[in-house]
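For reference, the structure discussed in these notes is given below.
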Amino acid sequence: MASSTPPHCSITASSKPHKTPHPYPSHKTLQQQQQPHNNRRFTSQKVSASPIPSNSLSNKGPTFLSPLQSPEKSHLSHDFSGKKSTRFVSKLHFNRQRSNLSNRHSPAAEDVLYQATQSSIDDHQFETILLGFEGKLCGSEDYCFLLRELGNRGEPSKAGLCYEFAVQRERKVSERGKLASTMISVMGRLGNVDSARFVFDSAVNGGYGNTVYTYSAMISAYGRSGLCQEAIGVFEMMKTQGLKPNLVSYNAIIDACAKAGVKYEVVNDIYDDMLSNGVDPDRITFNSMLAVCRCGLWEEAMRLVTEMGIRGIDQDVFTYNTLLDVICKVGKMDLAFDIMSEMTAKNVMPNVVTYSTVIDGFAKAGRLEDALSMFEEMKCLGIALDRVCYNALLSILLKLGKFKDALNVCKEMESFGIRKDVVTYNALLGGFGKQGKYDEVKQVFEQMKNVRILPNVLTYSTLIDVYSKGGLYREAMEVFREFKGAGLKADVVLYSGLIDALCKNGLVKSAVLLLDEMTKEGIRPNVVTYNTIIDAFGRSARAEYLVDDIVPVDGCSAGETSMILACNAAARNLEHNKVMKIFGQLAVEKSLSAREFNESRQELLCILGLFQKMHQLEIKPNVVTFSAILNACSYWADKVLINATYSRCNSLEDASMLLEELHLFDDRVYGVAHGLLTGSRDTVWRQALSLFDEVKQLDTATASAFYNALTDVLWHFGQKRGAQLVVLEGKNRNVWENVWSTSCLDLHLMSSGAARAMVHAWLLSIRSVVLEGHELPKLLSNTSGACEYIDKAIDAFVLKLKPQILDDELRYRWGKHSKVVGDGALKRAIEGLLSGIGAPFHLAETNLGRFISQGPAVTAWLKKSGTLQVLLLQDITTQPENRRLDQRPNLQPLPL
DNA sequence: GTAGGGTTAG
């Protein structure tokens, strides 16, 4: 069958077709076929390694019971990394073409198809064509061919007419059943699940639908729409009707579960049920089981592939692509590369899906250059890029800030006949927006509307996010107004973006109101929503920004209006009190007022409430939640130290309540944090080291956030030696890149606790150098704050400084990825530390982001008799059993 | 009856 469709086209439709009440909606979708590419031999240079590990999953670490006596997990859960997408687990791929390779249809059927798919033919004319060919079309074979092809061409309305036409003329029950199952399948593929159900019900009620084929088709139709419960309903129904599910029925239900993100254990039960009913799994069963592993179960995926081998089932390109997807989603890119080599060795040639899967993996792991080199490899192999691939390439270039290249890619894809879709435009909007190129954002947004690419909820979320982060609230509001006008339903991401905007502007209470509002609207908050608010409470967000009045939009719900009014009131209040607030903030630097102290305590309790609510809603906290809570505890510890009126015991109780909740994250993480805090370092150190190794597997931003948070809380609660050991483990694992040399210590990615612990370690190390008789460089420096101009020493003992002053000396950032401008806390902490220990460092005149010292001065100081003593750090608590707090049954002790 | 893409938190 010849294809007249252009090359380089995606087989994946850009969006889910709209549902309409009509049984067979008229929704024309341009159908495209995948370009068969020249499968030249894959020439990866990587050494091929077997992707199949031993069957054993018993890769458990040493046994360790947390203080709550929960068993240790063998790995950080996938959720914990904070990298798991909070989106729907699986994409819904409608409009995938159904191959119609059977030649059993007559030439007349092809003629009908040809005539029916001319652009000028409407539904009425199509009926006339069918009537004209009525005598020539032979039974269900011809009509099923027509139904499939009309489906492939995105013609649900004509398919509906054809089905009714055929089923009315067919006398045989079995043939009518075939027509029904084909029609259900066609509608399912088009995403018209209601139409599919209509056909199914009519067929069952009409006495020709009680076949395993119609039920399987219906299960599949539900599966494609992500309606797993409905699919299971049909699956159960077929059993009660006395129909025995066959291989296809089981495969369909497993696939439906995979698409909906059903837990592996549940799907495994279905698999077991299949075996016990004497139905042997085939390649497709395993391919679908592999898809269930996308929630992070990469080892299980590997085991399944092994099991396929044992059962003598060959792997195909679907097997490998799905396996690669699982592997890429857990960020194991080296393994992914090996698997790619393996598939080539087994003569399963990687295709465009293989490459886009792996490219996406590299991009998500932050290895953008590796991703780009995969495109080069595709080019060498003659594998044509399709729309998905082009969009991936575009997104990578935009992330790299290569705007010119990105625009060239747009031109290239157009030249190959691939139109920009909503994903392309969203990528452009986000890419330009994140770089503050708001003129381009405006242009692109206009352009997409001009070429009738309908903005979707992601478009609006992206725009609201970039405008809010840029402080362009009027523009954000305009976009929100347009969004409301478009009649789209807000989703969790859009709400989370709004909540974040409120939080970042100090309007945390309004953010909580909005959280309630979204919940009432039936939108379930996710871990990001909660992390946003927890983080804001933890920072004790000070309102430092002013916002213009926001005007409620027509059509806003009462909740939205009240939220906006609340924002306005808070904003006006801010403005009126701005001067007072500035003085107030200055005063706070010196001594904390009782009111603020109590507010801060309330915030701690709010976090506790939020955290418990998360638990209630079964929203699993991740490493970001963990860091935010530890940060809140550190902040609280600081306040307790400053405030003399609050009893230490009560304050510990408050912080304990919060910290205790950490076991909900992950018992092992909690166990390590708790053990270090309570001075049981010897007991937990082995577990700590294995935890650190696993954290290192996460991306550097996540890893450094983890180390910063953990070190901070240890430091603030007096476990300074523990903090130092942790920070050195981080250094050894390169969590902060190039942090340390003999002449320079770079602290700019560290939290204040981590930085102070590190300064002690660094000075001790230099001391050893001095005592060994080496000469120090002429100039020593440690850098704090947003010092992005670090130079390497030109030789071992000289640090070359750039005579450059930072734009704004107070723009210290708490960690590389913090989006909040801090208040110079790190600088103050280091300044205080250096003067406290008498180290002869001073702020560099030429660069206020650095403390510097002449080599001889430091040498002399290091050689002084008391210096060693002040440099050695100690923990306040080393004997937890001696602490009074331990006596309380329900609270975990905290040292101070 | 099976495979890949875009928005939010630190």
Side-chain angles (χ1 to χ4, degrees), chain A residues 10 12 14 82 86-87 90-91 93 96 185 216-217 219-220 223 246-256 258-259 282-291 316-325 328 351-361 363 386-395 421-430 433 456-466 491-501 503 526-536 538 622-628 631 701-702 704-706 708-709 814-820:
Chain A
S10 167
T12 309
S14 58
T86 54
R87 283 188 293 125
S90 178
K91 292 268 173 196
H93 292 288
R96 283 229 158 128
S185 164
S216 299
I219 291 166
S220 170
N246 65 9
L247 177 63
V248 175
S249 324
Y250 275 108
N251 285 351
I253 194 69
I254 290 172
D255 180 57
K259 286 193 166 67
D282 68 352
R283 193 174 59 231
I284 293 177
T285 318
F286 276 98
N287 290 350
S288 295
M289 287 297 286
L290 280 170
D316 65 1
V317 71
F318 287 79
T319 316
Y320 278 110
N321 287 350
T322 313
L323 176 67
L324 280 169
D325 193 36
C328 289
N351 62 14
V352 66
V353 177
T354 319
Y355 273 93
S356 61
T357 304
V358 176
I359 285 167
D360 184 59
D386 65 5
R387 179 155 37 207
V388 173
C389 244
Y390 268 115
N391 283 341
L393 175 58
L394 184 67
S395 154
D421 67 358
V422 68
V423 180
T424 324
Y425 279 105
N426 289 351
L428 288 167
L429 293 170
N456 61 15
V457 65
L458 276 79
T459 318
Y460 289 110
S461 296
T462 303
L463 285 169
I464 290 170
D465 183 62
V466 299
D491 68 357
V492 60
V493 177
L494 191 127
Y495 265 106
S496 300
L498 293 173
I499 285 173
D500 187 49
C503 286
N526 64 18
V527 66
V528 177
T529 326
Y530 273 96
N531 286 349
T532 306
I533 306 179
I534 289 176
D535 182 65
N622 62 20
V623 67
V624 181
T625 330
F626 176 80
S627 303
N631 289 337
T702 305
S704 67
F706 173 88
N708 279 338
W814 195 102
K816 190 179 181 183
H817 295 268
S818 170
K819 294 179 178 69
V820 174

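Here is the naming used below: chain letters follow the sequence lines, and residue numbers restart at 1 for every chain. On a predicted model such as this, the values are computed, not experimentally measured, just so you know.
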Output the rounded distance in Å from [atom1] ([X]) to [atom2] ([N]).
X	N	atom1	atom2	answer
A:Asp421	B:dG4	CG	C1'	14 Å
A:Asn351	B:dA3	CG	P	13 Å
A:Tyr320	B:dT2	OH	P	21 Å
A:Ile359	B:dG6	CD1	C1'	15 Å
A:Asn631	B:dG10	CG	P	11 Å

With sugar-phosphate meaning primed atoms plus P, OP1 and OP2, does [X] contact a base, only sugar-phosphate, or nothing at under 4.0 Å between heavy atoms?
X	answer
A:Ser220	sugar-phosphate
A:Ser461	base
A:Leu247	base
A:Thr462	sugar-phosphate

Exercise for review: Check if the side chain of A:Asp386 and the base of B:dG4 share a donor-acceptor pair of N or O atoms closer than 3.5 Å.
Suggested key: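 Yes, the side chain and the base share a sub-3.5 Å donor-acceptor pair.
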
Check your understanding: Side-chain donor or acceptor of A:Asn526 under 3.5 Å from a matching atom on the base of B:dA9?
Key ->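 There is none.
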
Give the nucleotide from the list [options] with an atom nearest to the side chain of [X].
X	options	answer
A:Val423	B:dG6, B:dG4, B:dT2	B:dG6
A:Ala705	B:dT2, B:dA9, B:dG10	B:dG10
A:Lys259	B:dA9, B:dG6, B:dT2	B:dT2
A:Asp316	B:dT2, B:dG6, B:dA9	B:dT2
A:Val624	B:dA9, B:dT7, B:dG4	B:dA9
A:Phe318	B:dA9, B:dT2, B:dG6	B:dT2
A:Asn531	B:dG4, B:dT2, B:dA9	B:dA9
A:Ser288	B:dA3, B:dA9, B:dT2	B:dT2
A:Thr532	B:dT7, B:dA9, B:dG6	B:dA9
A:Asp255	B:dT2, B:dG10, B:dT7	B:dT2

Exercise for review: Drop me the distance from A:Thr319's OG1 to A:Asn287's CG, to the nearest 0.5 angstrom.
Suggested key: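 CG of A:Asn287 is found 3.5 Å from OG1 of A:Thr319.
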
Check your understanding: If you measure from OH on A:Tyr390 to CG on A:Leu394, what distance do you get to the nearest 0.5 Å?
Key ->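 Result: 11.0 Å between the selected atoms.
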
Point to revise | Heavy-atom side-chain proximity of A:Asn531 to A:Asn622 below 4.5 angstrom | key: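 Yes; the side chains approach each other to less than 4.5 Å.
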
Check your understanding: How about A:Asp535 and A:Cys503: do any of their side-chain heavy atoms sit closer than 4.5 Å?
Key ->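 In short, these two side chains do not touch, never coming nearer than 4.5 Å.
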
Practice item. Indicate yes or no for a side-chain donor-acceptor contact from A:Ser288 to the backbone of A:Ile284 under 3.5 Å, with no hydrogens or angles considered. Key: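 Indeed, once roles are kept as given, a pair shorter than 3.5 Å links the two residues.
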
Practice item. Could you tell me whether the side chain of A:Asn708 and the main chain of A:Ser704 form a donor-acceptor pair under 3.5 Å? Key: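 Yes; judged by distance alone, with no hydrogens or angles, the pair exists.
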
